[in-house]
2 protein chains.
Amino acid sequence: MLKTVVEMDKAAVVLKLLGDKTRLTMMKLLDNNDCCVCEFVEIFDMSQPSVSQHLRKLRDVGLVREQRKGQWIFYSVNKDNDYYGFIEQIIKQLPDQDYKLKELEEKGTRITCC
Amino acid sequence: MLKTVVEMDKAAVVLKLLGDKTRLTMMKLLDNNDCCVCEFVEIFDMSQPSVSQHLRKLRDVGLVREQRKGQWIFYSVNKDNDYYGFIEQIIKQLPDQDYKLKELEEKGTRITCC
DNA sequence: TTATTATATAACTATTTGCTTATATGTACA
DNA sequence: TGTACATATAAGCAAATAGTTATATAATAA
């Protein structure tokens, strides 16, 4: 685990991003799994534009990245980001959320894809 | 260091509070020092009501507590709070801010008090 | 007592935020 | 082709946020 050189301004920006339950849960899920937008729509029972907008905020700050796979776009944690070490210390303290993806698997709506 | 049982909703609330540069710096300072309102007013070059309102938000969630000493009210980190372990992991990653208090000492405006 | 200092709170305002609906873009498939 | 599905983006709106000024409360000092 790399020691991050954290700067106050940027730290506040990152914490504000994580200070939303939807985005915080997204980051916790993405830390263990790649997920596509439609999975988040189902998990959070939220409109697709709303999910996309949350993901865009996370991407704009470099916390996640996207990768198209066929018709889907998969998001993953950007572990190359300078602040990954910083958020890792936060995320690892959060309760596991993978059961949300397990529920999708049981319903058969998990996108395992290509 | 106690392992905190963190709950997602509360974690998001705490992170949102820390996601403001003023409050984040306050918490970093308070982790090593007790400070009164007028010191923060000077450090942040911000109005007194604004400082009081930030401190109230931190206090309402239990992250800090206040103690009157004469005409001053000193704030300190509430290390008994259930989420202290959680925020400790965040705060310790931040760059030291104590130089801000040193500057007050040099100007003679640090309140060492009673 | 009165004046001064420190702090809290109330009311107001401008900005930001998170959602909505509508629409555009891109891929897959018949 | 054209239709369906997945996603992004734009525009609009209500709620939340962070600041302001004005005022109230409390302790100290003259």
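What you see below is based on every heavy atom in this structure, not just the backbone, and it leaves out hydrogens, waters and symmetry mates.
- Considering only residues two or more places apart in sequence or on other chains, A:Arg56 meets the side-chain contact (heavy atoms from CB on, under 4.5 Å) condition with A:Arg59, A:Asp60.
- Put simply, CH2 on A:Trp72 is 14 Å from P on D:dA8, counting in whole angstrom units.
- Using modelled atom types and a 3.5 Å distance limit, the side chains of B:Tyr75 and B:Asn33 yield no donor-acceptor pair.
- Contact check, A:Arg68 against D:dA6: no side-chain N or O comes under 4.0 Å of OP1 or OP2.
- Counted by atom type alone, A:Glu42 and A:Thr109 present one or more donor-acceptor pairs between their side chains at under 3.5 Å.
- Across C:dA6, C:dT9, D:dA6, the shortest atom-to-atom separation from the side chain of B:Gln71 is found for C:dA6.
- The pair B:Asp9-A:Lys21 meets the salt-bridge criterion, with a side-chain N (NZ, NE, NH1 or NH2) lying under 4.0 Å from an Asp/Glu carboxylate O.
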Distances under 3.5 Å only, N/O to N/O: pair up the protein atoms with those of nucleotides 19-22 of chain C.
from, atom 1, to, atom 2, distance (Å)
C:dC19, OP2, A:Ser50, OG, 3.1
C:dC19, OP2, A:His54, NE2, 2.3
C:dC19, O5', A:Ser50, OG, 3.2
C:dT20, OP2, A:Ser47, OG, 2.8
C:dT20, O4, A:Gln53, OE1, 3.4
C:dT20, O4, A:Gln53, NE2, 3.1

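- The nearest whole Å value for the distance from the CD atom in B:Glu39 to the P atom in C:dT7 is 8 Å.
- To the nearest angstrom, P of C:dA8 lies 12 Å from CZ of B:Phe74.
- Heavy atoms of A:Tyr75 sit under 4.0 angstrom from primed sugar atoms or phosphate atoms, though from no base atom.
- For B:Ile111 and D:dT28, the CD1 to P distance is 14 Å, given to the nearest whole Å.
- Atom P of nucleotide C:dG18 and atom CG of A:Leu18 are separated by 12 Å, given to the nearest angstrom.
- One atom, NZ of B:Lys69, and another, C1' of C:dT5, lie 18 Å apart when rounded to the nearest Å.
- The CG atom of A:Leu17 sits 15 Å away from the P atom of D:dT17 (whole-angstrom rounding).
- Atom CD of A:Gln93 sits about 11.5 Å away from atom CD of A:Glu88, to the nearest 0.5 Å.
- Note on B:Phe44: nothing from the nucleic acid sits closer than 4.0 angstrom, heavy atoms only.
- Of the two residues contacting DNA chain D, namely A:Arg56 and A:Lys16, the nearest-nucleotide position lying further toward the 5' end is that of A:Arg56.
- Remark: A:Lys57 is in phosphate contact with C:dG18, judged by side-chain N or O atoms under 4.0 Å from OP1 or OP2.
- Distance check, rounded to the nearest 0.5 Å: CD1 of A:Ile90 to CD1 of B:Ile87 gives 11.5 Å.
- Using a distance-only test at 3.5 Å, with no hydrogens or angles considered, no donor-acceptor pair links the side chain of A:Asp34 to the main chain of A:Ser76.
- Rounded to an integer number of Å, the gap from CG of A:Leu55 to P of D:dA6 is 16 Å.
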